[in-house]
Amino acid sequence: PNPNSKPNPDILERDQTGLQTFTIDPPTSLDCDDAFSIVLLPNTTRARIYVHIANVAYYFNPKMNPDIWNVICERGATFYGAGFNWPMIPSNYANGICSILPGKATHVITCEFEYDWQSGDLQYLEYYCSRVISKNKYDYDKFDGILLELQHHQHHQHHQHHQHHQ
């Protein structure tokens, strides 16, 4: 994709492209650097939650890309202002190659958890390098609506379950 992009051959990845991965960002954002996947475990009150963070290190090996590496080290962080941002990494990487955009395979670091929504217990499982494909890009309002729908559905199921066992 980019002649300056020389992936780091030392990184082993798991293929997680089959997960239903999504991002939650402002509608105009192209810099989607984190994503989520949630898998409900059958016949339980548990879900596997995957948090994916763009693996910028996959593309920026100091030995292979010393010029871009020096820019990153000079900037140190992305700065957000009113109506603009100054990315730590060059914008063609932040908004394109490294961004977790729908329909594009992206190299990420995945942190896996298991959550029990009945007890509220959240258990850390592991983290690893992987590759994902985002299926949806939600904005905050749209995702809030989805959560409200899920809560309503869960409450309705819980209520039916109680009536059935009385």
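These numbers come from a predicted model, not from an experiment.
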Item to check | Under 3.5 Å donor-acceptor, Lys104 side chain and Ile97 backbone | outcome: yes

Checklist entry - Linking I/L/V/M/F/W/Y whenever any side-chain heavy atoms sit under 4.5 Å apart, do Leu101 and Tyr140 land together? => result no

Item to check | Lys135 side chain vs Gly18 backbone, donor-acceptor pair below 3.5 Å | outcome: no

Checklist outcome for this item: Separation between CG (Asp34) and OG (Ser99), nearest 0.5 Å, reads 10.0 Å

Item to check | side-chain hydrogen bond (donor to acceptor under 3.5 Å, both in side chains) involving Glu114 - partner list, sequence neighbours excluded | outcome: Arg46, Arg48

Next on the checklist: Are Val51 and Tyr115 linked, directly or through intermediate hydrophobic residues, by side-chain heavy-atom contacts shorter than 4.5 Å (ILVMFWY only)?
Outcome noted: yes

Checklist outcome for this item: Those residues at least two apart in sequence (or on a different chain) that pass side-chain contact (heavy atoms from CB on, under 4.5 Å) with Pro27 are Asp139

Checklist entry - Heavy-atom distance under 4.5 Å between the side chains of Cys32 and Lys137, does that happen here? => result yes

Checklist entry - How are the rings of His107 and Tyr58 set to each other: parallel, tilted or perpendicular (split at 30° and 60°)? => result parallel

Next on the checklist: Is a donor from one side chain sitting under 3.5 angstrom from an acceptor on the other, for Thr45 and Asp116?
Outcome noted: yes

Item to check | Hydrophobic cluster membership, Ile109 vs Ile49, 4.5 Å side-chain cutoff | outcome: yes

Next on the checklist: Is there a path of hydrophobic side-chain contacts, each under 4.5 Å between heavy atoms of I/L/V/M/F/W/Y residues, joining Tyr138 to Leu148?
Outcome noted: no

Item to check | Atom pair CD1/CD1 of Ile24 and Ile146 - distance to nearest 0.5 Å | outcome: 8.5 Å

Checklist outcome for this item: Residues at least two apart in sequence or cross-chain that pass side-chain contact (heavy atoms from CB on, under 4.5 Å) with Thr110, listed by chain then number, are Tyr50, His52, Val108, Tyr128, Ser130

Checklist entry - Under the 3.5 angstrom rule, does the side chain of Thr23 hit a backbone N or O of Ala35 as a donor-acceptor pair? => result no

Checklist entry - Would you call the rings of Phe36 and Phe22 parallel, tilted or perpendicular if under 30° counts as parallel and over 60° as perpendicular? => result tilted

Next on the checklist: Please say yes or no: joined through hydrophobic side-chain contacts below 4.5 Å, possibly via intermediate residues, are Val39 and Trp117 part of one cluster?
Outcome noted: no

Next on the checklist: Rounded at 0.5 Å granularity, tell me how far SG in Cys98 sits from CD1 in Ile53.
Outcome noted: 13.0 Å

Checklist entry - Out of Thr17, Thr21, Ile100, which one pairs with Ile133 under the side chain to side chain contact (heavy atoms under 4.5 Å, CB included) rule? => result Thr17

Checklist entry - How many angstroms lie between atom CG of Leu12 and atom SG of Cys129, to the nearest 0.5 angstrom? => result 8.0 Å

